[in-house]
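Every chain is numbered from 1 and lettered A, B, ... according to where its sequence line falls, protein lines coming before strand lines.
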2 protein chains.
Amino acid sequence: MKAGTDLAQIGSLVGDPARANMLAALMGGTALTASELALEAGVGLPTASAHLAKLADGGLIRMQRQGRHRYYALSDQSVAAMLESIMGVAATVGPKRVLPGPRDKALREARVCYDHLAGEMGVMMLDRFVAKGLILIEGERAEISDAGADYFTRFGIDLGGLGKNRRPVCRTCLDWSVRRAHLAGGIGAALLDRMLGLDWAKREQHSRILRFTPIGRRKFEIFIR
Amino acid sequence: MKAGTDLAQIGSLVGDPARANMLAALMGGTALTASELALEAGVGLPTASAHLAKLADGGLIRMQRQGRHRYYALSDQSVAAMLESIMGVAATVGPKRVLPGPRDKALREARVCYDHLAGEMGVMMLDRFVAKGLILIEGERAEISDAGADYFTRFGIDLGGLGKNRRPVCRTCLDWSVRRAHLAGGIGAALLDRMLGLDWAKREQHSRILRFTPIGRRKFEIFIR
DNA sequence: GCGATAGTTTGCTTAGGATCGAAGTATGAA
DNA sequence: TTCATACTTCGATCCTAAGCAAACTATCGC
């Protein structure tokens, strides 16, 4: 009875098309303004404002004022993981799917999940790291080995800086398209950040798709080999 | 835009209190009849029938006729995992929680998740199995080692029989209370089944709580040690 | 200060869907 | 065959919540 109430509360927040579109847009990881989200959801500003208030009240998103803008973002990695798992169910048990178009293919291959790399390439990367002993996995928790710390530091990531903020440095996240885990947490975010900084890939506008350049893809292969 | 539609579809299914209560009840793993679910949801039979049709249509549940009864169950482990992840978010970011009562404590300690052991004891069990090399984990996928096969067989589990039906023998599932993985899949179900058969624990009526007997708990400790 | 942009609040309309009673179908029991 | 149980379908009601227009608040640039 009580468990159902919790489920329903979150479910109804996600269950409205306008709010769902907002959440999907925020899965991209970048914070968005109320107007941008209104546009994304296809509703007017007043309506969007009401929706955002509900989402914030329910704890799914977090707001930050910046001048006359208000930036909204998912409040937590766990919210992103939940949304991914819902998408996973939608993809498997959902209504008979039309065969996936080219956009879906790109999305499956490489995309941003909140703030880290997901899709086939993300899963492959974690697999390789585990195989090489750079990451140690136990259950959902993951750990960076000494060899891994060395490797990531040489890649240009400041592990010391990561440790300072509160979020777990290393954790995994279930991938909806591949149904395997990929690397999330501080290290996952830092790796994606670095790859974008090195111009290995570019984010496609208004989407979660990551487009790797041919050179970037080759360097990525070498990096994880 | 499209991603949001998928989210909203599943979300709105979970978002109705009556349906959410039904799903929560089905998380117990046992299949329930329409009347039982109506009672659980606190609605009349016609209403329940309509809800069940929607859930089945959306692919979240699966129906099986048996005489004049119709038994409903979650359609898939992935649905159970999704519901767990939603509960996880509800528990963390949700409305300011009242301090957990004794029921919550029991639920945290040991409960049924669809058809396998979850809660602190479930997480502990998987941790020990991994540490002892009985289960090998790589991402979300898991595997039974040779030593593990031997150990589980001696515990009275027919691993050969497990392999026959289609569901993956070994996989992990994220625990909402502990936020770590526990053991799911065919082996998870078989282990719980065996423990119940050995009278280590009893299921509490109309709830997901597992009550271990003192002796059962001690045997469990030895089993995973 | 003034206009302009970003966002919220208020008040109203409307539609979708949750609910139940009553009638209809299917299965089992006598 | 007849009655009872289990469930669905139909029809009608009612209520929540999504939507927008208009008015209000706050911040920026000048």
**Sugar-phosphate or base contact per nucleotide [nucleotides 15-30 of chain C; S, B, -; heavy atom under 4.0 Å]** = ---SSBBB----BS--
**Message:** Does I187(A) form a side-chain contact (heavy atoms from CB on, under 4.5 Å) with L159(A)? I'd like the steps, not just the answer.
**Reply:** CA-CA 8 Å; I187(A) 182 69; L159(A) 289 173; 3.9 Å; yes
Between [X] ([atom1]) and [N] ([atom2]), how many Å, whole number?
X	N	atom1	atom2	result
M63(A)	dA26(D)	CE	C1'	13 Å
L52(A)	dA18(D)	CG	P	12 Å
E36(B)	dT5(D)	CD	P	17 Å
N21(A)	dG19(D)	CG	P	10 Å
L37(A)	dA6(C)	CG	C1'	13 Å

**Request:** Please work out whether the ring planes of F223(B) and W200(B) are parallel, tilted or perpendicular, with thresholds of 30° and 60°.
**Result:**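 Aromatic pair F223(B)/W200(B) classed perpendicular.
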**Prompt:** Hey, are R111(A) and E84(A) close enough for a salt bridge, meaning a charged N less than 4.0 Å from a carboxylate O?
**Reply:**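 Salt bridge present between R111(A) and E84(A).
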**Request:** Check side-chain contact (heavy atoms from CB on, under 4.5 Å) between A34(A) and all other residues, then give those that pass, not counting sequence neighbours.
**Result:**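 Residues passing side-chain contact (heavy atoms from CB on, under 4.5 Å) with A34(A): L52(A), Y72(A).
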**Message:** Could you work out, with side chain to side chain donor-acceptor pair (under 3.5 Å) as the rule, every residue matching R194(B), not counting sequence neighbours?
**Reply:** none
**Message:** Name the residue from V14(A), L60(A), L74(A) that meets the side chain to side chain contact (heavy atoms under 4.5 Å, CB included) definition with L55(A).
**Reply:**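 Going through the options one by one, the only one that passes is L60(A).
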**Request:** Remember a base hit wins even if backbone is also touched, and classify Y71(A) as base, sugar-phosphate or nothing at under 4.0 Å, heavy atoms.
**Result:** nothing
